[in-house]
Chemist: 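What follows is a structure written as structure tokens; I'll ask about it next.
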Amino acid sequence: MAPKKGKTEPEPEKKLSRGDVDELIDDGVALLDTRDWAPALAKLEAAAEALETYEEHMVLSRLCAKIGQCQLELRDVNGALQTFEKQLSSATEEKDKAIRKEGQASSYANLAHAQAMLGKDNEALEALEKSDGLLKDAPTQQARNASLAGVINFRKGDIQKALVCHQKDLELSNALVKNEDAHPLITLRAKHNCALCLCRQGKFRPARQEFDGCAKLLDESTVVPEDADGLFRGASPSTVQARALYH
């Protein structure tokens, strides 16, 4: 009688080459650009899992930012929060100080966004402060941070603090437009939010001026496809104007 063969051990999974990882990332980013969130998420998560073995901390951190974006679009806010925490952890491992600060600033801003969506307003404001503290010359990110801080303070009932934040957003956005570093519509978000704060304070004349400024911007501005991606993440040209008001 022939001896029984023992159970064969499963072969270890083959490690993906660095080129394979890059291909997964490229495929995921292409799907992200066309707003195919679920398949993009699958590609990017597979890339992130494989990238863990390569100890490329900043690449992984930036990849986590894209994964979190997909999760937010798919309404998995808790999942996005965990991903942004991993983004921060990976960025903190980076040895280059300047790159590390950039990654940490982005991570804190993303954490604040997810926390705000979960109603964790105080934590979100704290994360925005940390992000701003790490930023040196990043007016676009600083404007977004100010906008989110304004939205949170408005929700908390501190209208004056919210107005100050939105005015900072407007100042930074106007400077970007003046330097031709951004499309004029980038100021629409701040002007609209300033108007809302002024209305809540009973300052209807200056609020009307801001609303009129919004209408003028919309009447005079045109959006072409290459502008849309730079203005508001994932927005198509047909929706970018509407999303501008609530970004």
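Source: prediction; values computed, not measured. Side chains included, hydrogens not; waters and symmetry mates left out as well; all remaining heavy atoms used. Index from 1, following the sequence.
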Chemist: If you look only at pairs with a residue in residues 96-120, which of them pass as a salt bridge (Lys or Arg N to Asp or Glu O under 4.0 Å), with sequence neighbours excluded?
Modeler: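 Residue pairs with at least one partner in residues 96-120: Arg62-Glu102.
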Chemist: Going by salt bridge (Lys or Arg N to Asp or Glu O under 4.0 Å), name the residues that satisfy it together with Lys216, two or more places apart in sequence or in a different chain.
Modeler: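 Here the qualifying residues are Glu220.
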Chemist: Applying salt bridge (Lys or Arg N to Asp or Glu O under 4.0 Å), name anything that partners Asp27, two or more places apart in sequence or on another chain.
Modeler: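 Applying salt bridge (Lys or Arg N to Asp or Glu O under 4.0 Å) to Asp27 gives Lys43.
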Chemist: Which residues pass the salt bridge (Lys or Arg N to Asp or Glu O under 4.0 Å) test with Glu94, sequence neighbours left out?
Modeler: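 Listed in chain order: nothing, the list is empty.
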Chemist: Could you list the donor-acceptor pairs under 3.5 angstrom formed between side-chain atoms of residues 129-141 and any protein atom two or more places apart in sequence or on another chain?
Modeler:
| from | atom 1 | to | atom 2 | distance (Å) |
| --- | --- | --- | --- | --- |
| Ser131 | OG | Ala105 | O | 2.8 |
| Ser131 | OG | Asn145 | ND2 | 3.0 |
| Asp132 | OD1 | Asn145 | ND2 | 3.0 |
| Gln141 | NE2 | Asn145 | OD1 | 2.8 |

Chemist: For residues Leu118 and Tyr108: do they belong to one hydrophobic cluster (side chain heavy atoms under 4.5 Å, members Ile, Leu, Val, Met, Phe, Trp, Tyr)?
Modeler: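 They do share one cluster, since a chain of ILVMFWY contacts under 4.5 Å joins Leu118 to Tyr108.
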Chemist: Do Leu88 and Asn110 come close enough that some side-chain heavy atom pair is under 4.5 Å?
Modeler: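 Contact flag for Leu88/Asn110 side chains = no.
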Chemist: State, to 0.1 Å, how close Ile25 and Leu44 come at their nearest heavy-atom pair, and which atoms those are.
Modeler: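 Scanning both residues, the minimum pair turns out to be O-CD2, 4.0 Å.
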Chemist: Name each donor-acceptor pair under 3.5 Å that joins a side chain in residues 163-172 to protein atoms two or more places apart or in another chain, with its distance.
Modeler:
| from | atom 1 | to | atom 2 | distance (Å) |
| --- | --- | --- | --- | --- |
| Asp169 | OD1 | Ser173 | OG | 3.1 |
| Asp169 | OD1 | Arg189 | NH2 | 2.9 |
| Asp169 | OD2 | Arg189 | NE | 3.0 |

Chemist: So does Lys161 get a backbone contact from the side chain of Asp158, meaning a donor-acceptor N/O pair under 3.5 Å?
Modeler: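 Answer holds: yes.
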Chemist: Given side chains that start at C-beta, do those of Leu196 and Phe211 come closer than 4.5 Å, heavy atoms only?
Modeler: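 Side-chain contact under 4.5 Å: yes.
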Chemist: Between Leu32 and Gln69, does the side chain to side chain contact (heavy atoms under 4.5 Å, CB included) criterion hold? Intermediate values first, please.
Modeler: CA-CA 9 Å; Leu32 189 150; Gln69 179 188 347; 3.8 Å; yes
Chemist: Rounded to the nearest 0.5 Å, what's the gap from CZ on Phe84 to CD1 on Ile67? Could you check?
Modeler: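 Here the interatomic distance stands at 10.0 Å.
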